[in-house]
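See structure below.
Whatever order the structure lists them in is the order used to number ligands and atoms, beginning at 1.
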Amino acid sequence: MPCSKNWKKPMSTLEVRTPGHTYSIRIEKGLMSDLGRFLGPFNHGQKWVVFTHPGLYEQFGSEILTALEDSGFDIAFITMPEGEASKTIANVNRIYDQLLKQNCNRSTTFIAFGGGVVGDVTGFVASTFMRGVGYFQVPTTLLSMVDASVGGKTSVNLASGKNLVGTFYQPLGVLIDPDFLRTLPVREIVSGMAEILKCGAIRDKTFFRKTVKNLTHLIALMDQAPLIETIEAACAIKARIVSEDEKESGLRRILNFGHTIGHGIETALSKTGFRHGEAVAYGMLAAGYLSHRYGKLSSAEWNELREALWQLPLPALGRIDPDKVLAHIRHDKKYSHKQLNFVLLEELGRADISADISHAHIIEALNYLTRSIHKET
Ligand code: GLY
């Protein structure tokens, strides 16, 4: 069942407008082979540093080097190990040393070439090195295309939790080439799709329903045009939210739907290789359950959300220790004035922040997850 009818041509540019800086998100198939042309207007003879991990460096390093050197760029690479283990202050210190050894200065420009970890670390280093240098996001995973690369959140982890140190620091631009998706394992696509469903669930019911209708095709990467339009729609939702509330003092908090319990699950199960989006999908199930039980989400829309999320081929959750999840939640940035700001859905496409969700409610939602896993998988 081809689903390419009525989808737009695979290229678009969106804008993120924050008080300090406006920048574009360019989405275009094959964009990587023309990187020199897109970045050319920003090249004034300064040094450029591409941050990536060794696997991507091996696969694309020489292609990037040739493309940019042929366009007159002065390029260096810095690699960091793949995965969350790189999101540490120790790794950031190592990177500062390498930047100094390579004579980088305030005019140096960075390119974050990779998934969310590379993007978060590069952004953090960009925001602090020499009090701030410019950087571009070139995301290579679906998750980072629709979430981490847009909006300027940069971070590293501490032993007690994820993303506890960071800055808001917008990139000079985001360049998305959907061709990278073909290099990803299906679990990475599913992980990104969970964040895409989140965008629809919190802000756009029509987009949510359209994505759910095409979920199987989208996950199988069967047709590029719908996939690109889906990425564009998710980025547009995020771009509008960030443009309205860059520093998460209000509206932007709704992007955390599924993330309070999701981050708790991700941290509790970090040794099992659970991916961020997979944990967020379970987090959305838990938050959807609470939205129905203690908020305004109707039975019909709760069923719709639940069925959509169960369509994702998620790894089994196994036994979750509620104490571990709660220990993480206690350090969550979503606490303010001793209150947990928990995102509930009022309806599909409309989210709000509740201060009424307690630890007892979270345990109840975790129990719901444990019960329903045996019923629904
Ligand atoms: N990932 C949530 C945000 O960027 O606000």
Side-chain angles (χ1 to χ4, degrees), residues 14-21 23 25 84 87 112 114-124 126-127 135 137 139 141-157 161-171 173-174 176 188 191-204 231-267 275-284 287 328-329 331-336 340-345 351-353:
L14 302 163
E15 245 180 25
V16 183
R17 291 176 171 273
T18 63
H21 178 51
Y23 60 95
I25 306 167
E84 287 287 314
K87 281 183 66 167
V117 168
V118 170
D120 285 359
V121 173
T122 307
F124 184 73
S127 69
Y135 75 112
Q137 290 278 10
T141 64
L142 183 58
L143 186 71
S144 57
M145 289 175 189
V146 297
D147 190 32
S149 68
V150 177
K153 271 190 183 175
T154 86
S155 59
V156 292
N157 302 332
K162 268 172 71 74
N163 303 331
L164 293 182
V165 173
T167 53
F168 288 100
Y169 191 68
Q170 302 298 335
V174 182
I176 298 177
E188 270 303 321
S191 183
M193 211 48 81
E195 287 282 357
I196 289 174
L197 287 173
K198 178 203 78 179
C199 288
I202 58 170
R203 209 61 179 158
D204 186 338
I231 293 170
E232 180 195 333
C235 285
I237 289 171
K238 180 142 190 200
R240 281 198 297 274
I241 292 174
V242 171
S243 299
E244 234 179 275
D245 175 24
E246 180 191 13
K247 302 241 165 108
E248 202 172 291
S249 42
L251 178 69
R252 186 168 179 168
R253 289 180 183 165
I254 66 170
L255 286 167
N256 294 325
F257 176 59
H259 282 61
T260 306
I261 294 177
H263 269 170
I265 291 175
E266 191 180 358
T267 309
R275 283 165 160 78
H276 174 73
E278 294 167 341
V280 166
Y282 281 116
M284 286 193 281
H328 170 79
I329 288 174
H331 291 292
D332 200 294
K333 297 184 298 310
K334 292 178 266 304
Y335 264 104
S336 64
L340 179 62
N341 295 303
F342 195 91
V343 188
L344 293 180
L345 292 185
D352 206 357
I353 309 301

Between H328 and E266, a side-chain donor and acceptor under 3.5 Å = no

Considering heavy atoms of the protein only, find what lies nearest to atom 4 (O) of ligand 1 and give residue, atom and distance to 0.1 Å.
-> K238 NZ, 2.6 Å

Hey, which of E188, R275, H276 is the one that makes side chain to side chain contact (heavy atoms under 4.5 Å, CB included) with T141?
-> E188

In ligand 1, which numbered atoms sit nearer than 4.0 Å to a non-hydrogen atom of D147?
-> 1 (N), 2 (C)

In the protein, what heavy atom is nearest to atom 5 (O) of ligand 1, and what distance, to one decimal place, separates them?
-> R252 NE, 2.7 Å

Side-chain H-bond candidate by donor/acceptor type, T154 with T167, under 3.5 Å | yes

Are any of the N or O atoms of K153 closer than 3.5 Å to those of ligand 1?
-> yes

Do H259 and E195 have side-chain N/O donor and acceptor atoms under 3.5 Å apart?
-> yes

